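Below: the structure, in structure tokens.
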Amino acid sequence: MRIHFSVSELGKIQWWELGIRFFFGGAITVLAGLLAKRFGPVFGGLFLAFPAIFPATATLIERHERERKEKVGILDDVRGRKAAALDARGTVLGTIGLVCFAIVVWKTLTRVNAGIVLAIATSTWLIVAVGVWKASRLRFGREGR
Amino acid sequence: MTQILFRFLVGGAVVSFFAALGDCLKPKSFAGLFGAAPSVALATLGLTIAESGKQYAALEARSMIAGAAAFFVYAVVCCYLMAKKYHAKPVALVSVLLWLACVIGLWAVVLR
């Protein structure tokens, strides 16, 4: 299956679901800053890798998949769960990229322009995550979409 | 207070942006990569560099490696439990405690 990008998928998300994500993301960013101020950067830095996106996304995927099936008269609890598990599998691979992001920032930030460092680190995250994802599909096949 | 509000707005916007990117992508395993996007880090590091300097932000990034390793453990456990028999919402939320236990453990043993 090829990678597909469709903006119309956003139309399926309710405004309050977007609001929860926004609030959660904002709250974690504030919390990370406050913890760093109170306990120092070594402790506060841990929260830069807080799972801020995954819980809401996995919940959404399961619910949308279940509702999609219910619309055609199928009461299926398993499919939604499996779809969320597939999303989680991608997230596992994404965390490998996240480790690389942190290493790039740690090793280069004091010597290079901050904007360039963040751009390179984000590119590194994307390249590593996509590379590992592609490798996992070659290694384990394409079961699950 | 203004600083906190600014952090809140930037964090909310960056997290929402990466989450929306993931929503637009298929297959689901690929979209899942964006569940581990460096959203909080990008929102926080930029502001931290401006407020406290590069050295301070680099220290935060070093700790982030431990946070990301804990995220890996968290995501593996979520994937396993969801594939077996548990629903996404309770698994993803309760497992945050596992992430927290992992980061505090790593902080106490390796970073402190």
Side-chain angles (χ1 to χ4, degrees), chain A residues 1 3-7 9-10 13 18 21-23 25-26 28-30 32-33 36 41-46 48-55 57-59 62 81 83-95 98-99 101-103 105-106 109-110 114 118 122 125 129 133 144-145, chain B residues 4 7-9 11-12 15-16 18-20 22-33 35-45 49 54-69 71-72 74-76 78-79 82-83 87-89 92-93 96 99 103 107 111:
Chain A
M1 191 181 189
I3 295 164
H4 182 69
F5 185 87
S6 167
V7 182
E9 291 294 318
L10 291 176
I13 302 169
L18 296 171
R21 282 175 177 179
F22 188 93
F23 177 83
I28 291 302
T29 308
V30 169
V42 175
F43 188 79
L46 296 167
L48 301 191
F50 186 89
I53 297 173
F54 175 74
T57 305
T59 306
E62 183 182 17
R81 233 175 2 84
L86 266 180
D87 183 68
R89 193 168 79 173
T91 302
V92 170
L93 304 176
T95 59
L98 200 61
V99 170
F101 172 97
I103 292 171
V105 176
W106 172 42
L109 188 59
T110 51
L118 292 180
T122 306
W125 163 74
W133 178 78
R145 301 279 154 99
Chain B
I4 288 176
R7 258 182 194 272
F8 181 83
L9 293 175
V15 166
S16 297
F18 278 104
D23 289 335
C24 296
L25 287 162
K26 276 184 180 162
K28 287 190 179 70
S29 62
F30 183 77
L33 297 176
S39 51
V40 178
L42 283 172
T44 305
L45 284 170
I49 292 164
K54 286 178 166 184
Q55 195 73 45
Y56 189 96
L59 267 179
E60 284 196 339
R62 191 187 65 156
S63 293
M64 188 190 161
I65 298 168
F71 195 168
F72 176 83
Y74 163 86
V76 167
C78 284
C79 182
M82 286 173 195
H87 288 292
K89 194 176 189 175
L93 291 177
V96 169
W99 176 84
V103 290
W107 171 75
L111 296 169

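Note that the structure is predicted; figures quoted are calculated from it, not measured. Chain identifiers are assigned alphabetically (A, B, ...) following the order of the sequence lines, protein sequences preceding nucleic acid strands; residue numbering begins at 1 within each chain.
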Item to check | Minimum heavy-atom distance between B/Ala58 and A/Leu109, given as atom pair plus value | outcome: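 Looking at all heavy atoms of both residues, the closest pair is N-CD2, 3.7 Å.
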
Checklist entry - How far apart are the closest heavy atoms of B/Ala61 and A/Val105, and which atoms are they? => result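 In this case the closest contact between B/Ala61 and A/Val105 is CB-CG1, 3.5 Å.
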
Select, from [options], the one with the greatest count of heavy-atom pairs under 4.5 Å involving chain B.
options	result
A/Ala49, A/Gly25, A/Pro41	A/Pro41
A/Val99, A/Ile28, A/Val7	A/Val99
A/Ala83, A/Pro51, A/Gly33, A/Ala36	A/Pro51

Given that the side chain runs from C-beta out, which part of [X] has a heavy atom under 4.5 Å from chain A: side chain, backbone, both or neither?
X	answer
B/Ala83	both
B/Val76	both
B/Phe72	both
B/Thr44	both
B/Leu111	both

Next on the checklist: Using side-chain heavy atoms (C-beta onward) and a distance below 4.5 Å, is B/Val103 in contact with B/Phe71?
Outcome noted: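 They are not in side-chain contact.
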
Checklist entry - What part of A/Phe5 gets closer than 4.5 Å to chain B, counting heavy atoms only: side chain, backbone, both or neither? => result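 Contact with chain B: backbone and side chain both.
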
Next on the checklist: For the interface with chain A, which of B/Gly67, B/Ala36, B/Ala20 has the highest count of heavy-atom pairs at distances below 4.5 Å?
Outcome noted: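 Top count of heavy-atom pairs under 4.5 Å with chain A: B/Ala36.
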
Checklist entry - Where the side chain of B/Tyr74 meets the backbone of B/Ala68, is there a donor-acceptor pair that is under 3.5 Å apart? => result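 Flag not set: sc B/Tyr74 to bb B/Ala68 has no pair under 3.5 Å.
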
Checklist entry - So how far is it from A/Asp87 CG to A/Thr57 OG1, rounded to the nearest 0.5 Å? => result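 Interatomic distance, A/Asp87 CG to A/Thr57 OG1, rounded to 0.5 Å: 6.5 Å.
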
Checklist entry - Hey, what do you get for CE (B/Met64) to CH2 (A/Trp106), rounding to the nearest 0.5 Å? => result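 Answer rounded to 0.5 Å: 13.5 Å.
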
